[in-house]
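Notes follow the structure.
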Amino acid sequence: MIRMPRLSNKVKIILTAATVAGIALVVVVNYTDACRLEEITIDATPVENWPSRFAMLDADRGPIQPLDRLAEQLLGKDDVYRVDISWSPPHRIEVETNRFRPGCFLVDKKSGEMFGVDNIGRVVPLSMPVENWELPVLVGVTVGRVFKRCPDSRVEIVVRQLLKLRRELPDLFRLIEEIDFSDKYGLKVSIAGLPYRLIISAGSMLDDMDRFARFITRFDVDLSEVRQVDLRYEDLIICERGKG
């Protein structure tokens, strides 16, 4: 028979104190006004008459609320695609809607307006202030509707590969400044510090970028007069000289 070691008096005191503190916290949260729910804000705007609009919430329960049901109700609206909810002590629930963190940026070739693109190629508005401007910019693309996938199916393919590149080779990811979708036969990639652009295929972007990295590190090739490097062919790299 295995005997469990006895707890020392010091450990017993600590465990007892922790238990008492936990019980006290529950009592304070649920049975006093210290954390009573008094206000709800949606996108920083206070909600008027929130008890009737959100019947699932109880002012006396403080932060112990069915926030999943609140999120479900808000997501039922046609113009809400994402909901983030947090408790702001001592008396407020803060809700943010449609706040997406873009994987890259996109400039609409018709309007010139900049948007974000999420990990499935969905066009999203930029939430200001933007947390990180060191993201590739996609150009030569027409935006359809906000919160819908970009009409150019290549965008989703490229974004997924960019996110993988960001995880595996973050330094290389940060060097990608722009990807031009204007030519339906190939994408033109601008790399920071390089005077020429790379031509790649959307479906093999990661492989093409890998071949380019191996090409410039293994071979002593003079690219000073090259305007673009075509990487769309598996066993061939074409360097085009002349002015762009």
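Keep in mind that what you see is a predicted model, and the values were worked out from it rather than measured. One is the number of the first residue; the rest follow in order along the sequence. When reading the values below, keep in mind they use all heavy atoms of this one structure, side chains included, and skip hydrogens, waters and symmetry mates.
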Subject >> Pair I176-L165, side chain to side chain contact (heavy atoms under 4.5 Å, CB included): steps then yes or no >> reply: CA-CA 11 Å; I176 300 177; L165 182 65; 3.7 Å; yes
Original post:
Would you call R211-D207 a salt bridge at under 4.0 Å N-O?
Top reply: no
**OP:** Flag the pair D108 and K110 as a salt bridge only when some basic side-chain nitrogen lies within less than 4.0 angstrom of an acidic carboxylate oxygen.
**Re:** no
Subject >> Residue pair D58, L37: steps toward the side chain to side chain contact (heavy atoms under 4.5 Å, CB included) verdict >> reply: CA-CA 7 Å; D58 184 348; L37 176 58; over 6 Å; no
Identify the heavy atoms of [X] and [Y] that sit nearest to each other, and give their distance.
X: G186; Y: I199; value: CA-CG2, 4.4 Å
X: C239; Y: V226; value: CB-CG2, 4.0 Å
X: M56; Y: P66; value: O-CG, 3.3 Å
X: F105; Y: N132; value: CZ-O, 3.4 Å
X: C104; Y: L138; value: SG-CD1, 3.8 Å
X: W133; Y: M114; value: CZ3-SD, 3.9 Å

Is any side-chain heavy atom of [X] less than 4.5 Å from a side-chain heavy atom of [Y]?
X: K164; Y: Q161; answer: no
X: K109; Y: F181; answer: no
X: P136; Y: F173; answer: yes
X: I120; Y: R160; answer: yes
X: I40; Y: L57; answer: yes
X: L175; Y: D171; answer: no
X: L198; Y: D208; answer: no
X: Q65; Y: I85; answer: no

Polar side-chain atom of [X] near backbone of [Y] as donor-acceptor pair, under 3.5 Å:
X: Q73; Y: R53; result: yes
X: R92; Y: P46; result: no
X: N98; Y: V80; result: no
X: E96; Y: S86; result: no
X: E178; Y: S190; result: no

Original post:
In terms of hydrophobic clustering (I, L, V, M, F, W, Y; side-chain heavy atoms under 4.5 Å; direct or indirect links), are Y81 and V124 co-clustered?
Top reply: yes
First locate atom [atom1] of [X], then atom [atom2] of [Y], and finally report the distance between them rounded to the nearest 0.5 Å.
X: L106; Y: L135; atom1: CG; atom2: CG; result: 12.5 Å
X: D118; Y: F147; atom1: CG; atom2: CZ; result: 10.0 Å
X: K188; Y: S182; atom1: NZ; atom2: OG; result: 8.0 Å
X: I200; Y: L206; atom1: CD1; atom2: CG; result: 8.5 Å
X: L231; Y: L187; atom1: CG; atom2: CG; result: 11.5 Å
X: D60; Y: R36; atom1: CG; atom2: CZ; result: 4.5 Å

**OP:** Take L67 and W87 through the side chain to side chain contact (heavy atoms under 4.5 Å, CB included) test and state the conclusion after the steps.
**Re:** CA-CA 10 Å; L67 300 182; W87 173 262; 6.0 Å; no
Original post:
When you look at CD of E39, are more than 12 heavy atoms from neighbouring residues, nucleotides or ligands closer to it than 6.0 Å?
Top reply: yes
**OP:** Might you confirm whether atom CZ of R214 has over 12 heavy atoms from other residues, nucleotides or ligands at distances under 6.0 Å?
**Re:** yes
Subject >> Stepwise side chain to side chain contact (heavy atoms under 4.5 Å, CB included) check, I216 with V229 >> reply: CA-CA 11 Å; I216 62 173; V229 177; over 6 Å; no
